[in-house]
Amino acid sequence: MSTVLDQRRATPAPLQRAADTGRSGLLAVLLADARLADRRLHVLNLVAAVLGLVVGGAVLLWNGADVLTAPALALLALCVAAPAVAKRRVGEALDRSTLTIALLSAVAAVAALLLPVWLYGADVNGIVHRSAITGPMLLLLSAFGASHGLRGVLGDGPSARDFATYPVLALPVVLAVAAYGFILARVVVSGVGSFDVSLLTTAWTQQLVETSGAAKFTYTVGLLNNILGTLELIALTSLFAILPGVGAGVFMSEYPGLMAKVIDLSTTMLRAVSVFVIGATAFGVVGATSGLAAGTPISDLVRGVYTDVNGLVHPGTGSFITASAFLALLVIPIIAKLTEEGLRSIPRDLREGSVALGTSDAYGLRRLLLPWAGLNIITGLLIGAAEASGSLAVIMFIAGPGQDGVAPTNSVTSLDYALFATQYGLKPYVDTMADYRFATALLLLLLTLGLTSVAVVVRRRVARRYRGSLTAG
Amino acid sequence: MTTTSRSARRRPLTVGLLAVLALAGGLLPWLNGTASAGEGATLRVEVPASPAAAGSTFEVSVIQSAAVVTTGVQANLQFDPVLLQVVDFKLGPAYTGGILAFGSSTDGSNKSVEAAAAAANKTGVLRNVAAFLLPGSGSVPAGEAVALVVTMQAVSGPGGVSNLALEALPSSPIQMLDEAGSLLPVTTTGTTASIAAAPGATGPPRTPEPTAAPTAAPSPTSALGSAVITVAPASGLIAQGEQSTIVIRLLSDTPMSQITADLLFDRTIVQIIDVAPGPGWEGATLLIGQPWQTKDQVIDASNGAGTLPRVGVMLPLETAAMAPPDGILVTIRVKAVAAGTTQLTLNNAQVLDINGVDLGPQMSSASIEASAATGGIGPTQVLGIALLLLVGVVILRRRFSGEGRRRRPITVPYVLSLSLALIPVAAFAAIVIVIVANSLPAFDRPGLGALLGDQFASKYSGTNTGQLGLLPAVSGTILITLVAVLIAAPVSLAMAIMVTEFPMGPVSRVLRPIVDVLAGVPPILYAVSGVVFVGLVMIPKFAGDSTFPLDPAKLGLAPGAWPPAGVPYNPGAYPWNPGGTDNSTLLGGALVALLLIPFLTPLLVDAVRNVPSAAREASFALGANRRYTLRRVLLPFAGPGIAAAVALGTLKAMGDTLIIVFAVGWEAQTLPRPVVDVLERTPSLTAEGAGLLGAFQVANGSCTPTECAVGYTSALFLLLMAGIVVVMMTLIQTKGRRRMAA
């Protein structure tokens, strides 16, 4: 494919260039040479666009650079228009992109001059500096201008047009990557800065010091229970989710029909329904058991227990088992979908060979299908585990600081809860743990990134298998 | 595992499922709960058969009848005090040697039988009279027994018929104790006593209110004194689950300025839905509870306690000076939640005339009987029947479709995978049921109309409108999701294209795994570090900081130009609200977009990669460059996949708006003007629902019944919105598949 185009580019005959423009006839051949002069003007275009990009970046970071947006836009408009004017003199029609970019830049330049410095809506609500509007506008138009200029500089051939799409594609990608880089860097730097090894070994507890008069508490700070809690949530969620997920995936791929459609719809809806709805349901289920005292099996299983500072046992706000059960609802669709994909990808030969040899369905499932889809299932488990450790809504309704340890019937806690409590100021947790917010974030980040990285690696192995021979395994 | 053998059995599993569903559906009416009549015990009243002569005394027996051994009984006897007077009461022969208890300490009626009788004769109810045997001193054998004997005297006068009923009052229920001392369910039956007219008496005989069942107690409305407040239900008999109104009326001969009273009711039988000032006075202000409580708080508390405190109206003095008002002061809407009879009593009434003097009004009481639910067609039954019909229709269509059907053998893997696969189906159904059930109370109060309103009174800002409209939150969700998807979709598309069609050397090779890994970053991390990101990059773009009031000079405005005239005060909006620091939807949407991009990019990459390579290669073979192929071949073919990915992204954005509460808050109070103003804070449904359910409070999650119900309603709305998006996504995918096949 690319070789063909390269060959075409290597023949710079005027006829060829004329053919590139899509025109034919003597006029096109005559005009072909005039386009060489175009190239120098397009360099100007490119320079103006690069300047616009730089100014746009500066404007995004610093309000003061706003005075430069209008001149930059005007410059861009002029430089884009210049080759077009030259073309017009030669009698060639303007192409649409030149016109659009030039016009838009001119309009934007005028707008940048005329807009008030601070903008607000009819109700005078959020007030925003005009550079929040003009800055992105400048960046966008500069990207298109750079694309246009690049195209002209490279001769406006098909592969030149290909190459010219890169600035337009690169701009959003660069911005997004910069944003992510900033966020993650911030988490890493602050987390490392406030990190303390003792966080990993001590649990957060609250003890009563004196009881006469106002109660006084001392606290030990640590994340041990939170870390163990997150790990336990991941383990329990995977345990709860794997069988239904694999079962659903197997059913959907092996026994298509109405039932499979119903199951497909349900799993899609479980994924589609936001985490908040599942969290609200968890809250409702825990609330439904509120009449029972601590110590009854149902209360323990659903609500967990916690021991308060006086040593009395109370029903908690939600046990690990409840939290894992609801988180499993989020993970089941992931596993089901991946299992189904894996099973669908089995080559027909293998299936038919298995049936031809007279094996039963159960044997085929056990020996052929599940091992083949095994990697998919593992990927699903890993991705699901990452989701379980990060899912906020279920946690925020039923979690607590987890002073009692992490037995399955204790009140649920996790790193997510630690972050949530310190972020949104839930006392008394936030008073003691506010300093360690970024360390907590760093730990959570490491955990989830670790899980997803392993998932990515496993997924690549799955993909590589398909590129290989049929019997690869 | 393609099936190769055909079984002759007819889908036993499906038939079995159908049978189970039919059973469940058929049981639904009964599951709707009628108060079981109970095989407990009965209490009834017996009077002499012939009419009592005026002035004579006769005995009224309270007879119990139980299937088990009992040790105690307590009841209240209601009668018409104009016709009858209580003279004495004592233990019946069954409780000989036991203890007689009566009255209450609040009005001194427990001091002696005479005091109790006197109190009874004033109000028409002999309260709290109880007979019981101490443990060890015997018990009443099963069967019939006379528990109490009340001696009553017929008063001279025009005569008539008086109801004699055993009523449960808010603070004195009707109870029977069995041998172990635990309560038995009791049903009561009243009777009537007819009193002969006294010689020479004039006037029509008094009769009890003519209703099918003995219901309303006589309410003395004689205007003794300067003011009488009466409570009157619109109907004495309402069906369980239905609503009715009660009015509080005033009759007086002096201009009033303020009327309040406590209303006592049995909260297990009726619940209060709403209170409104009646049409009797124009311009009156409703008084309810303490001045700092909202109406919702008071109604919630009263539904828990059985007392609606200090309900009434207040008139401005100019109106109060007008002619003495008669009429309906307060209209109370109630709903019957269980079968039974409740007394409606007024207490602690205060009527102030225009000089502020308390006139000490006469009060009355009434009662409402709630009949048991007929088990007829309610919403649960309709749902069950519809479900059955749907399943039946689908199965019948498949059965008679005439196409060749594959008969599946019932093998172990089939059953195993089916039963496992039904778990998520059941879970989803359970989620829907829990959400719907928990949000049903909100359709009574505040009602669907109020829920769709566009005002929301914050429970944190102390405004007292008590409105709970969810429309601002719905529009907030839509706005935030729109902003997020509009920012994230092009960026994700650009990334996907860079990874697949326009690779840029090492950059693309590194980009794909980076994006895959970033997809696993939990949303809370964006909230935690996003604050700082927002602070460094975005805040300077937004006017100033959180100082309030805003300094016009900072905006380059002349002093006095702020706040601009003619703009209505919007308590939820920045910068009116000093609690909101530079918040806006644009900010929140951008953060959610950051969350969406790693989620969308792999989906879009897959969508582009799944275009059949034949189309791609054909395009290149015909001489097109990569850009043309992308624009004219790949993107149209990948259209359905892209649409599905964007739909999934929309769903995820709708759910993840929870993380940006710090940017947009969690109470959507009004609709922004114009609606698409992205510079305003527009909290989302998830945040508002979470706030209503108490997730942002200090202690872990508590909410009053109204707030809880509205929180679940917001989850319901979210469910519906997600359902709509899923349906649209399926339609687009089917259309796309059809187009590709064509």
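Every chain is numbered from 1 and lettered A, B, ... according to where its sequence line falls, protein lines coming before strand lines.
For CZ of Phe502(B), the number of neighbouring non-hydrogen atoms (other residues, nucleotides, ligands) closer than 6.0 Å is greater than 12. In this structure, Phe240(A) places its CZ atom where more than 12 heavy-atom neighbours from other residues, nucleotides or ligands lie under 6.0 Å away.
Note on Gly655(B), Ser417(B), Ser492(B): by heavy-atom pairs under 4.5 Å with chain A, the leading option is Ser417(B). Chain A forms more heavy-atom pairs under 4.5 Å with one residue of Ile597(B), Leu493(B), Leu719(B), Ile514(B) than with any other, namely Ile597(B). Put simply, of Ala429(B), Pro424(B), Ala427(B), Ser419(B), the one with the most heavy-atom pairs under 4.5 Å next to chain A is Pro424(B). Between chain A and the options Thr650(B), Asn438(B), Leu718(B), Leu630(B), heavy-atom pairs under 4.5 Å are most frequent for Leu718(B). Contact count versus chain B (heavy atoms, under 4.5 Å) is highest, among Thr281(A), Leu444(A), Val187(A), Leu329(A), for Thr281(A). Across Val262(A), Val173(A), Val275(A), the residue that shares the most heavy-atom pairs under 4.5 angstrom with chain B is Val173(A). For the set Ala248(A), Pro244(A), Gly135(A), the entry with the most heavy-atom pairs within less than 4.5 Å of chain B is Pro244(A). Chain B forms more heavy-atom pairs under 4.5 Å with one residue of Gly245(A), Ser354(A), Gly284(A), Ala455(A) than with any other, namely Gly284(A).
Under the 4.5 Å side-chain criterion, counting only non-hydrogen atoms from C-beta, Pro413(B) is in contact with Tyr255(A). Side chains of Phe276(A) and Ser714(B) form a contact here, defined as non-hydrogen atoms less than 4.5 Å apart.
Ring geometry for Phe251(A) versus Tyr414(B): interplanar angle of 30 to 60°, hence tilted.
The contact between Val434(B) and chain A is made entirely by side chain atoms (from C-beta outward), counting heavy-atom distances below 4.5 Å. With a 4.5 angstrom heavy-atom cutoff, Ile431(B) touches chain A via backbone and side-chain atoms both. For Val277(A), the parts lying near chain B are the backbone and the side chain together; criterion is any non-hydrogen pair under 4.5 Å. With a threshold of 4.5 angstrom between heavy atoms, Thr267(A) approaches chain B through side-chain atoms but not through N, CA, C or O. Residue Leu243(A) touches chain B through both its backbone and its side chain, counting heavy-atom pairs closer than 4.5 Å. Proximity to chain A is limited to the side chain of Tyr712(B), based on heavy atoms less than 4.5 angstrom apart. Residue contact with chain A, scored on non-hydrogen atoms closer than 4.5 Å, involves the side chain of Leu511(B) exclusively. For Leu445(A), the parts lying near chain B are the backbone and the side chain together; criterion is any non-hydrogen pair under 4.5 Å. Neither the backbone nor the side chain of Leu175(A) comes within less than 4.5 Å of any heavy atom in chain B. Neither the backbone nor the side chain of Val412(B) comes within less than 4.5 Å of any heavy atom in chain A. For Tyr166(A), the part sitting under 4.5 Å from any heavy atom of chain B is the side chain, from C-beta outward, and nothing else.
Taking each heavy atom of Ala280(A) and Ala715(B) in turn, the nearest pair found is CB-CB, 4.4 Å. In plain terms, the two heavy atoms of Met269(A) and Gly723(B) that are nearest each other are CE-CA, 4.0 Å. The two residues Ala176(A) and Met495(B) make their nearest non-hydrogen contact at CB-CE, 3.9 Å.
Once rounded to the nearest 0.5 Å, the distance linking OG1 of Thr165(A) with CD1 of Ile497(B) reads 8.5 Å. For the atom pair Arg271(A) CZ and Leu651(B) CG, the distance stands at 10.0 Å (nearest 0.5 Å). The CZ atom of Arg161(A) sits 9.0 Å away from the CZ atom of Arg631(B) when rounded to the nearest 0.5 Å.
Between the side chain of Asp162(A) and the backbone N or O of Asn625(B) there is no donor-acceptor pair closer than 3.5 Å.
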